[in-house]
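Computed from a prediction, not measured in an experiment: that's the story for all the values here.
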Amino acid sequence: TRLLDLALADEPQAALREYFAARQPLLVGLSFRNLDDSFWPSGEWFAPPLAELVKTIHGLTAAPVVLGGVGFSILPQRIVEYTGADFGIHGDGEGAIVELYRQLEGKRRFQEVRGLIWRQDGKLISNGPAWPEGLSLPAARDAVDNAAYFRLGGQGGVETKRGCPRPCTYCADPLAKGRTVRPRAAAEVADEVEALLAQGVDVLHLCDGEFNIPYEHAAAVCEELIRRGLGGRIRWYTYMAVVPFDAALAAAMRKAGCVGIDFTGDSACPEMLACYRHPHRVEDLASARRLCRDNGMAVMFDLLLGGPGETPQTVAGTVEFMKQIGPEAVGAALGVRVYPGTAVADAIAAEGPLEANPAIRRRYEGKVDLFRPTFYISAALGDRPAGLVRELIAGDERFFAPVEEVDQAAEPNASYNYNDNTPLVEAIAKGARGAYWHILRQMRG
């Protein structure tokens, strides 16, 4: 197996031509991380450049192209069809791609390959997602230049599990990773942390959907990091659900090296929390903030404003509550990215034709297509919902406020959209390290 890392190539097209001029592989795999930036009003879509990349590779080699990755697994059949790729792997690809390779070498029984999207008689066939019961990943971290990614990206990433059982109405994670949690052994996670440390990567992001789901696994990972004495040698951040979270886990996380948590808060309004099917209550937000303050960990609350049922009053209540409990940062994202297959997509469809729905926001013409970046912002927030939110925030520097559509071209970095964020890239180049929200917050002083 050989890896051509286009993310680190100065001239990707030239690198492709040079690579395939000297090699004729049996199979070419492409990893697709994000379908779009999931951010309104930018709504940048990444499927077209993926299709161009597939076309380029098809012009350089006769080898079939297989797609995989988290972004791919949200809508695998649609992406294979759109890009013209030969195959796709829905779900965990580590074992499935080996199975595909063996079938290409052998009897080509593609129906036996877990997670495979393939063609037969001009039709796309899906074998169902590849979500094995167990999860074990190589801990060596020697496939890519991690030091370069750390220098350019400001943090390293470690995955402790896959899958999420939470019923959040809007989330695409269960589509891509499944609803059954597949944890890695805590010792394997710690082995990977040590491997990154040996390469000079000492600031990490534990990139699970929600680190504390399940609670017992999060505690076990922290215990192993503490046992090996890693807590004083690394700094790490993570995403977390607001519950379950208590004093014992907060203390263990801090001792294990955690310095910042990004909570999926979404709202401080009971009606909106019920709409999103969150189990936490408003008082749990305050408790999470207090536990982090007591243990010296920075806090970011990510909000999701504008969902079904949102009103100026519910937004005002949420903003005011965030000001009261005082986290270091609040992401005031406006607009729900509507993914097909989610409960929020079904609820919005029940309101009537999407083309006639005043809450639908998009940057493309014609029929509404949820394959493309499509957002829902409650019509009750009026014609200028971003302006409404900004007025409520009233210049509070702890908030990353939404930008108006008309301002996006003039101020592409005014929001906390991490995609193509020049000030963030420049700060990392000058030595900033950590979660992107924390770097942006520190840039504000």
Side-chain angles (χ1 to χ4, degrees), residues 37-42 44 150-156 203-205 207 235-240 242 254 258-268 285-286 288-306 315-316 318-335 384-445:
D37 68 0
S38 300
F39 208 92
W40 182 257
S42 57
E44 187 170 353
F150 187 49
R151 184 178 71 255
L152 298 170
Q155 57 185 332
V203 181
L204 304 172
H205 202 292
C207 30
R235 292 187 290 124
W236 55 271
Y237 300 79
T238 193
Y239 299 117
M240 291 244 296
V242 178
R254 184 66 193 94
C258 182
V259 294
I261 303 174
D262 184 348
F263 286 101
T264 306
D266 285 351
S267 179
L285 297 166
R289 174 67 189 111
R290 183 171 58 253
L291 287 170
C292 289
R293 180 185 288 117
D294 292 346
N295 287 276
M297 294 182 289
V299 172
M300 160 90 157
F301 281 113
D302 257 318
L303 303 179
L304 188 59
L305 305 175
V315 174
T318 292
V319 170
E320 182 57 31
F321 188 80
M322 287 292 132
K323 290 181 179 181
Q324 290 175 9
I325 63 175
E328 278 72 23
V330 181
L334 177 65
R384 295 183 60 251
L388 168 68
V389 176
R390 292 174 74 90
E391 288 173 8
L392 292 169
I393 291 172
D396 190 321
E397 286 289 315
R398 294 171 295 185
F399 285 77
F400 298 113
V403 297
E404 296 284 4
E405 291 184 52
V406 294
D407 295 336
Q408 183 67 13
E411 299 181 85
N413 299 309
S415 70
Y416 76 112
N417 186 356
Y418 302 146
N419 177 49
D420 200 20
N421 192 312
T422 300
L424 178 61
V425 171
E426 292 174 345
I428 292 171
K430 294 176 181 177
R433 298 290 182 265
Y436 296 155
W437 62 266
H438 206 190
I439 294 175
L440 292 173
R441 180 70 185 90
Q442 292 169 331
M443 288 166 59
R444 295 184 176 186

Atom pair [atom1]/[atom2] of [X] and [Y] - distance to nearest 0.5 Å:
{"X": "D262", "Y": "T238", "atom1": "CG", "atom2": "OG1", "value": "9.0 Å"}
{"X": "R433", "Y": "Q442", "atom1": "CZ", "atom2": "CD", "value": "12.5 Å"}
{"X": "I428", "Y": "L152", "atom1": "CD1", "atom2": "CG", "value": "8.5 Å"}
{"X": "F400", "Y": "L303", "atom1": "CZ", "atom2": "CG", "value": "12.0 Å"}
{"X": "N421", "Y": "E426", "atom1": "CG", "atom2": "CD", "value": "9.5 Å"}

Below 4.5 Å, heavy atoms only, C-beta onward: do [X] and [Y] meet side chain to side chain?
{"X": "Y436", "Y": "M300", "value": "no"}
{"X": "H205", "Y": "Y239", "value": "yes"}
{"X": "L285", "Y": "F263", "value": "no"}

Specify the closest pair of heavy atoms between [X] and [Y], including all atoms of both residues, with the distance to one decimal.
{"X": "A332", "Y": "V389", "result": "CB-CG1, 4.3 Å"}
{"X": "M322", "Y": "P327", "result": "O-CD, 3.3 Å"}
{"X": "V403", "Y": "A386", "result": "O-CB, 3.5 Å"}
{"X": "V259", "Y": "R254", "result": "CG1-NH1, 4.0 Å"}
{"X": "A288", "Y": "V242", "result": "CB-CG1, 4.4 Å"}
{"X": "F150", "Y": "G156", "result": "CD1-N, 4.1 Å"}

Could you pull out all residues at least two apart from [X] that satisfy salt bridge (charged side-chain N to carboxylate O under 4.0 Å, His left out)?
{"X": "R293", "value": "none"}
{"X": "R441", "value": "none"}
{"X": "D294", "value": "none"}

Is it true that a side-chain atom of [X] and a backbone atom of [Y] form a donor plus acceptor pair closer than 3.5 Å?
{"X": "R289", "Y": "G326", "value": "yes"}
{"X": "E328", "Y": "V299", "value": "yes"}
{"X": "D396", "Y": "R398", "value": "yes"}

Sub-6.0 Å ring centroid separation between F39 and Y416: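 F39 vs Y416: aromatic centres under 6.0 Å.
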
side-chain contact (heavy atoms from CB on, under 4.5 Å) between R390 and F399, worked out: CA-CA 9 Å; R390 292 174 74 90; F399 285 77; over 6 Å; no

Which residues share a side-chain hydrogen bond (donor to acceptor under 3.5 Å, both in side chains) with S38, sequence neighbours left out: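 side-chain hydrogen bond (donor to acceptor under 3.5 Å, both in side chains) list for S38, sorted by chain: D36, Y339.
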
M443 and I439: CA distance, side-chain angles, deciding distance, side-chain contact (heavy atoms from CB on, under 4.5 Å) verdict: CA-CA 6 Å; M443 288 166 59; I439 294 175; 4.0 Å; yes

side-chain contact (heavy atoms from CB on, under 4.5 Å) involving A286 - partner list, sequence neighbours excluded: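 Expected list: F321, I325.
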
Steps toward side-chain contact (heavy atoms from CB on, under 4.5 Å) verdict (L334, L305): CA-CA 5 Å; L334 177 65; L305 305 175; 4.1 Å; yes

side-chain contact (heavy atoms from CB on, under 4.5 Å) between C292 and I261, intermediate numbers included: CA-CA 8 Å; C292 289; I261 303 174; 3.7 Å; yes

Set of residues satisfying ring-ring contact (aromatic ring centres under 6.0 Å, His included) with respect to Y237, sequence neighbours excluded: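 Residues passing ring-ring contact (aromatic ring centres under 6.0 Å, His included) with Y237: H438.
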
